[in-house]
Amino acid sequence: MVSIPPFLSAQHLTSRHRAPRPSRRRGIAAATAVLLAATGAGTSLAATQVTVKNPGGLTAVGPVNTEYGFPSWYEDSNKTRVELCLDAENPLCGFLPGDIPDETAPISFPDNFPEEAFYMLAGSELALPGGGRAVLVLGLEAAFANTVTEGDQLVFGRQRIVVKGGPANATLTFQHPYGTITIDTDGAGDGKLVEDISPAVGNFSTALKSNIGPFLKWDPAAAPAAPEGYLGDPGQDHTVTGSPFGYNKFSVNGGGLALETDQFTVQGKISTNQGVNGDSAVLNGTMIDVFASSGNGAQLQVDGQAGVFETTPMLSDPDTGRYYARVQFTGTAPATVKVTNIGDKPASSSQISVTKPSGILITKAVYDGTNLTVGALSSVGYPLTVTGLGTLDEPAAGTPSEKSFPVKAPPATVTVKTAAGGSASLPVTISGGPATPVGLDPVTPAPDPGPVVDTGSGSVPGETQPTTAVATAASTTVTRGGTVQLDGSASTGAASYKWLQVSGPAVTFSSDTAAKPTVTVPYYAKTTDTAPLTAKANDPIQIQLIVTDKNGIGSAPATVNLTVQTDTVAVAGSRHRLGTELRVTGTSTLPGNTAVLIPATTVVIYDTTPGRAATKIGTAQVDTLGAWSYRVKPGPNRQITSVLVQSSRGGTATGVLATR
């Protein structure tokens with residue numbers, strides 16, 4: 001469970017609205033995403049809940065800074081980015097006495113690092129009649145599940161209201177900038193609610209699901225102005241802006257109360273950092289090929305290691321966010337390398353493990369309906385093991401080793417391994433084969449009707465009931481390659497279920513006779529395509545459910561409509577210098593997505609130069625920053641002036657190529 005420390009003094013809560021804690025934090029277990037806790041018990045407990053929620057206020061999380069293991073920044077829906085304020089001597093960072101083990105020394109991880117820090121922390125308080133109070137805390141917090149150690153980091157969004165000395169045995173309704181909460185008080189007039197979303201160790205994207213955001217900041221229309229580079233000063237009350245509901249206040253109603261305040265304390269440092277992702281570092285003889293990504297114009301370097309290699313600046317192509325360096329080392333290859341963004345203040349960094357190349361190139365993985373043919377080249381010797389299938393023997397010099405394996409059910413991906421443990425994988429391509437025979441629908445056992453009594457006239461109670469199909473979906477929007485769960489369990493009188501697709505791209509049902517099946521929408525363009533697709537990628541999907549009762553009587557159909565969301569593809573910075581180089585580059589973004597897409601999006605590129613038929617040029621994979629690039633030298637021997645690009649996630653774009 002999530003550990004909630006005991007209350008501190010009223011003065012502490014009033015002065016800073018900080019999360020109360022003992023001298024050593026007891027830890028935040030990552031097993032529970034949301035905790036709702038209320039003082040008092042009894043039948044009124046059900047009223048303590050979040051009644052108006054606010055998801056979507058946070059939209060993106062930055063790269064993890066490996067100096068301390070937390071994200072470099074979080075971004076809200078207003079495009080404001082904030083970072084952790086880690087300056088012990090800066091009062092705008094809001095650290096309280098005891099937060100930092102040695103307050104006379106700079107913050108450093110892990111020996112002198114606070115047990116909690118905040119990307120944003122806002123608080124407000126209502127004075128209640130008779131000396132009581134209600135304290136509000138809204139924050140995006142960086143903390144540790146147990147202790148300040150590597151691998152224990154987590155970030156969550158918290159909203160908390162604590163009531164002391166309020167109306168007894170009452171239901172109070174609180175409204176704040178991010179929503180509404182009701183709290184039941186006990187006989188002493190005490191109550192509380194704490195919601196933490198979601199303290200998952202190392203999964204920093206879970207905080208994007210919280211009700212926190214956009215970030216609150218001092219209202220610029222009211223003096224004084226916020227300190228430059230900060231959301232506000234945690235030592236002063238001030239009016240704020242940022243509520244997605246337009247309600248930048250804290251109020252309570254119920255139990256004879258009707259109180260409101262617009263005064264908040266706010267802390268948060270606006271981020272000027274870009275962070276850095278260490279993508280990979282591959283050993284290649286006496287060289288290490290280092291790959292990283294960051295914002296455009298970042299200053300990245302591979303930090304030198306004494307006696308092994310020198311500090312090396314990384315190179316980048318304009319507007320790509322990609323960075324690369326080839327580092328020559330002496331002696332034994334290092335196990336890790338460190339990439340630092342020296343343009344960030346403080347500098348951000350990423351530690352990358354150095355990996356060895358597998359020495360394997362899979363040249364073929366094709367299933368024709370009867371045989372799975374696998375081909376591979378090895379620079380580290382034979383035989384090679386094809387996982388779950390057999391071995392590949394040494395071939396004639398310069399040719400790949402190739403073998404066909406008779407199978408009825410090929411794997412989705414072929415993995416080939418060497419005796420030394422190196423491995424490589426390649427998705428299986430299906431080249432043919434007949435359709436799999438259709439099986440009989442499973443028979444759902446009818447429920448036991450119990451004794452049936454016939455009195456000679458009238459109906460038997462409980463023998464029949466109205467049969468009505470009710471169909472819903474967990475989400476009405478689905479992406480190409482994505483899944484969504486359907487739900488027909490609310491249907492009445494149902495002894496069996498049957499789901500049917502009426503229109504749209506053909507989906508795959510996990511089971512078309514289950515009450516709650518999952519449907520998968522296929523990817524759009526495939527790397528094996530040879531001609532442009534003509535079917536619309538985002539045609540709406542309509543699915544119907546018919547339920548049948550125990551007497552075989554079917555219901556009228558219920559309909560679920562799904563909207564297919566595709567990525568936005570653009571072509572930019574592309575050219576074809578005949579006889580020199582063909583370069584086609586662009587971007588692919590999926591609206592609302594902030595996580596790394598697995599598998600990565602791919603694009604298929606076609607030559608659509610006027611006067612000739614469209615022909616396939618090649619394919620490219622979209623990187624983690626949404627960019628893709630296809631380059632070949634010297635390129636085709638005929639001038640290409642325009643292209644068509646189609647994405648695996650449904651996007652389509654055309655582009656004109658420069659010829660100079």
Asker: Verify ring pair (Phe, Tyr, Trp, His ring centres under 6.0 Å) between Phe250 and Phe174, making sure each step is shown before the conclusion.
Answerer: CA-CA 7 Å; Phe250 177 42; Phe174 292 91; 5.8 Å; yes
Asker: Would Arg133 and Glu125 count as a salt bridge (charged side-chain N to carboxylate O under 4.0 Å, His left out) if you check the C-alpha gap in whole Å, the side-chain angles of each, and the deciding distance to 0.1 Å?
Answerer: CA-CA 7 Å; Arg133 58 195 168 84; Glu125 180 174 340; 5.0 Å; no
Asker: Hey, does the side chain of Glu141 reach the backbone of Glu116 with a donor-acceptor pair shorter than 3.5 angstrom?
Answerer: no
Asker: Counting N and O atoms only, with roles assigned by atom type, does the side chain of Trp218 sit under 3.5 Å from a partner on the main chain of Pro224, one being a donor and the other an acceptor?
Answerer: no
Asker: For a ring pair (Phe, Tyr, Trp, His ring centres under 6.0 Å) check, start with the C-alpha distance between Tyr178 and Tyr247, then their side-chain angles and the critical distance, and finish with the verdict.
Answerer: CA-CA 8 Å; Tyr178 296 146; Tyr247 186 78; over 10 Å; no
Asker: Between Asn112 (side chain only) and Pro106 (backbone N and O only), is there a donor and an acceptor less than 3.5 Å apart?
Answerer: yes
Asker: Taking only residues two or more places apart in sequence, or in another chain, which ones meet Lys249 in a salt bridge (Lys or Arg N to Asp or Glu O under 4.0 Å)?
Answerer: Glu260
Asker: Keeping His176 on the side-chain end and Asn248 on the backbone end, is there a donor-acceptor pair under 3.5 Å?
Answerer: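 Judged by distance alone, no pair lies under 3.5 Å.
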Asker: Would you give the length of the straight line joining atom OG1 of Thr472 to atom CD of Gln485, rounded to the nearest 0.5 angstrom?
Answerer: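 Here the rounded value is 9.0 Å.
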Asker: So which atom in Gly255 and which in Pro167 form the shortest heavy-atom distance, rounded to 0.1 Å?
Answerer: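 Gly255 and Pro167 have their closest heavy atoms at O-CG, 3.4 Å.
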Asker: Does Asn273 use its side chain to pair, donor to acceptor, with the backbone of Gly275 at less than 3.5 Å?
Answerer: no
Asker: Show the nearest heavy-atom pair for residues Pro214 and Gly242, with the distance to one decimal.
Answerer: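 Taking every non-hydrogen atom into account, CD-O, 3.4 Å.
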Asker: What are the two closest non-hydrogen atoms of Val201 and Ala145, and how far apart are they?
Answerer: CG2-CB, 3.7 Å
Asker: So among Thr508, Val478, Ile543, which one has a side-chain contact (heavy atoms from CB on, under 4.5 Å) with Val519?
Answerer: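 In the set Thr508, Val478, Ile543, the residue that makes a side-chain contact (heavy atoms from CB on, under 4.5 Å) with Val519 is Ile543.
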Asker: Counting distance only, does the side-chain N/O of Thr566 pair as donor-acceptor with the main-chain N or O of Asn538 below 3.5 Å?
Answerer: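 No, Thr566 side chain to Asn538 backbone: no donor-acceptor pair under 3.5 Å.
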Asker: Starting at CD of Gln565, measure out to OG1 of Thr477 and round the result to the nearest 0.5 Å.
Answerer: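 The OG1 atom of Thr477 is 6.5 Å from CD of Gln565, to the nearest 0.5 Å.
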Asker: Is there a side-chain contact between Phe109 and Gln153 (heavy atoms, below 4.5 Å)?
Answerer: yes
Asker: So how far is it from Asn561 CG to Thr476 OG1, rounded to the nearest 0.5 Å?
Answerer: 9.0 Å
Asker: What residue among Pro71, Ser198, Ser205 forms side-chain contact (heavy atoms from CB on, under 4.5 Å) with Val155?
Answerer: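 For Val155, the side-chain contact (heavy atoms from CB on, under 4.5 Å) check succeeds only for Pro71.
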Asker: Hey, what's the ring geometry for Phe70 with Phe204, parallel, tilted or perpendicular (30° and 60° as the breaks)?
Answerer: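 Phe70 vs Phe204 ring planes: tilted.
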Asker: Return each pair, listed once, that meets salt bridge (Lys or Arg N to Asp or Glu O under 4.0 Å) where at least one residue sits in residues 216-225; pairs must be two or more places apart or across chains.
Answerer: none
Asker: Considering all heavy atoms of both residues, which atom of Ser555 and which atom of Ile546 are nearest to each other, and what is their separation?
Answerer: O-CG2, 3.7 Å
Asker: Using the test salt bridge (Lys or Arg N to Asp or Glu O under 4.0 Å), find all partners of Glu150 that sit at least two apart in sequence or belong to another chain.
Answerer: none
Asker: Please step through side chain to side chain donor-acceptor pair (under 3.5 Å) for the pair Thr80 and Asn78, ending with a clear verdict.
Answerer: CA-CA 5 Å; Thr80 298; Asn78 289 334; 5.7 Å; no
Asker: Pair Gln159, Ile181 - check side chain to side chain contact (heavy atoms under 4.5 Å, CB included), show working.
Answerer: CA-CA 10 Å; Gln159 56 177 333; Ile181 293 172; 3.5 Å; yes
Asker: My understanding is that only one of Thr479, Asp567, Thr601 makes a side chain to side chain donor-acceptor pair (under 3.5 Å) with Arg649; could you say which?
Answerer: Thr601
Asker: Can you spot which of Ile161, Leu216, Val266 makes a side-chain contact (heavy atoms from CB on, under 4.5 Å) with Leu138?
Answerer: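 Only match with Leu138 under side-chain contact (heavy atoms from CB on, under 4.5 Å): Leu216.
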Asker: Once rounded to the nearest 0.5 Å, what's the spacing between atom CG of Asp87 and atom CZ of Phe95?
Answerer: 8.5 Å
Asker: Taking Thr48 for its side chain and Ile183 for its backbone only, find out whether a donor-acceptor pair lies under 3.5 Å.
Answerer: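 Such a contact is absent between Thr48 side chain and Ile183 backbone.
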Asker: Using the side chain to side chain contact (heavy atoms under 4.5 Å, CB included) rule, take Thr239 and Gln263 through it: C-alpha gap first, then chi angles, then the decisive distance, then the call.
Answerer: CA-CA 5 Å; Thr239 55; Gln263 296 297 297; 3.6 Å; yes
Asker: Is the ring pair Tyr74/Tyr119 parallel, tilted or perpendicular, if the boundaries are 30 and 60 degrees?
Answerer: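 Perpendicular, since the angle between the ring planes exceeds 60°.
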Asker: Please tell me whether Glu67 and Ser349 have a donor and an acceptor in their side chains that are separated by less than 3.5 angstrom.
Answerer: yes
Asker: Ignoring hydrogens and angles, tell me if any N or O in the side chain of Ser72 forms a donor-acceptor pair with the backbone of Pro63 under 3.5 Å.
Answerer: yes
Asker: Take Asn65 and Asp344, measure what side chain to side chain contact (heavy atoms under 4.5 Å, CB included) needs, and give me the verdict at the end.
Answerer: CA-CA 11 Å; Asn65 189 326; Asp344 284 351; over 6 Å; no
Asker: Hey, is the main chain of Glu83 close enough, under 3.5 Å, to the side chain of Ser271 for a donor-acceptor pair?
Answerer: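 Here the side-chain-to-backbone pair does not exist.
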Asker: For the CG atom of Leu58 and the OG atom of Ser77, what is their distance to the nearest 0.5 Å?
Answerer: 8.0 Å
Asker: Taking all atoms of both residues into account, what is the closest heavy-atom pair of Ala127 and Leu259, and its distance?
Answerer: O-CD1, 3.5 Å
Asker: Let's go through Thr467 and Thr548 carefully: what are the C-alpha distance in whole Å and the side-chain angles of both, what is the deciding distance for side chain to side chain contact (heavy atoms under 4.5 Å, CB included) to 0.1 Å, and is it a yes or a no?
Answerer: CA-CA 7 Å; Thr467 305; Thr548 304; over 6 Å; no
Asker: CG of Asp262 to CG of Asp237: how many Å apart, nearest 0.5 Å?
Answerer: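 Taking CG in Asp262 and CG in Asp237, the distance rounds to 10.0 Å.
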Asker: So with a 6.0 Å cut-off around NZ of Lys53, is the heavy-atom count from everything else above 12?
Answerer: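 Result for NZ/Lys53: open.
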Asker: Taking the side chain as C-beta and beyond, is there a heavy-atom pair between Asp512 and Lys498 under 4.5 Å?
Answerer: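 Yes, their side chains come closer than 4.5 Å.
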Asker: Is there a donor-acceptor pair closer than 3.5 Å between any side-chain N or O of Asp152 and the backbone N or O of Thr147?
Answerer: yes
Asker: Please report the shortest heavy-atom distance between Ala474 and Val484, naming the atom on each side.
Answerer: N-CG2, 4.2 Å
